[in-house]
Amino acid sequence: MKEKHFWLQDFAMQLKRVRQEAGLTQKEVSDGVFKNAARISRVENGHDSITLNTLFKILESINGELMIVTKEERIKIEQYLIRERLERK
């Protein structure tokens, strides 16, 4: 159960990061996806889960995409992104 909570929190942080990088507010994303604008906050904080259908609606609203990678691939991607950010400074 603890591992599930970790992955939910990780997903939630990634979703929030992508939304913020897209320059969108929670309200802008929730319009057309949720009936209640507060729900996106609960999702981004790992306190609420969503269906795949809802996930794809959110991704469409933030111009995001779902990518499934192995843990090793993810680590390599994150390391690459960190190096890129450091080189820009």
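For clarity, every value in this text was computed on a predicted model and none was experimentally measured.
- With sequence neighbours excluded, the residues forming a salt bridge (Lys or Arg N to Asp or Glu O under 4.0 Å) with E78 are R74, listed by chain and number.
- With sequence neighbours excluded, the residues satisfying salt bridge (Lys or Arg N to Asp or Glu O under 4.0 Å) with E21 are R17, R85.
- Looking only at distances, a side-chain donor or acceptor of E73 sits under 3.5 Å from a matching main-chain atom of T70.
- Side-chain contact check for L15 versus I62: some heavy-atom pair is nearer than 4.5 Å.
- Remark: K76 pairs with no residue by the salt bridge (Lys or Arg N to Asp or Glu O under 4.0 Å) rule, at least two apart or across chains.
- Considering only residues two or more places apart in sequence or on other chains, Q20 meets the side chain to side chain donor-acceptor pair (under 3.5 Å) condition with none of them.
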Let me check something: any side-chain donor-acceptor pairs from residues 54-61 under 3.5 Å, sequence neighbours excluded? List them with distances.
unit_1 : atom_1 : unit_2 : atom_2 : d
T54    : OG1    : T51    : OG1    : 3.0
S61    : OG     : I58    : O      : 2.7

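- Under a 4.5 Å side-chain heavy-atom criterion applied to ILVMFWY residues, the cluster that includes M67 comprises V69, I77, Y80, L81 as well.
- With a 4.5 Å cut-off on side-chain heavy atoms, F34 and V43 count as touching.
- Applying the 6.0 Å contact sphere to CG of N36 captures more than 12 heavy atoms from other residues, nucleotides or ligands.
- Listed by chain and number, the residues in a side chain to side chain donor-acceptor pair (under 3.5 Å) with T25 are E28 (sequence neighbours excluded).
- With contacts defined as side-chain heavy-atom distances shorter than 4.5 Å, the pair R39/I50 qualifies.
- In terms of the side chain to side chain donor-acceptor pair (under 3.5 Å) criterion, R42 has no residue partners (sequence neighbours excluded).
- Here the closest non-hydrogen pair linking A12 and G46 is CB-N, 3.6 Å.
- By the side-chain contact (heavy atoms from CB on, under 4.5 Å) test, Q79 is found to be paired with I75, R83, residues two or more places apart in sequence or in another chain being considered.
- Applying the side chain to side chain donor-acceptor pair (under 3.5 Å) criterion to Q26, with sequence neighbours excluded, gives E44.
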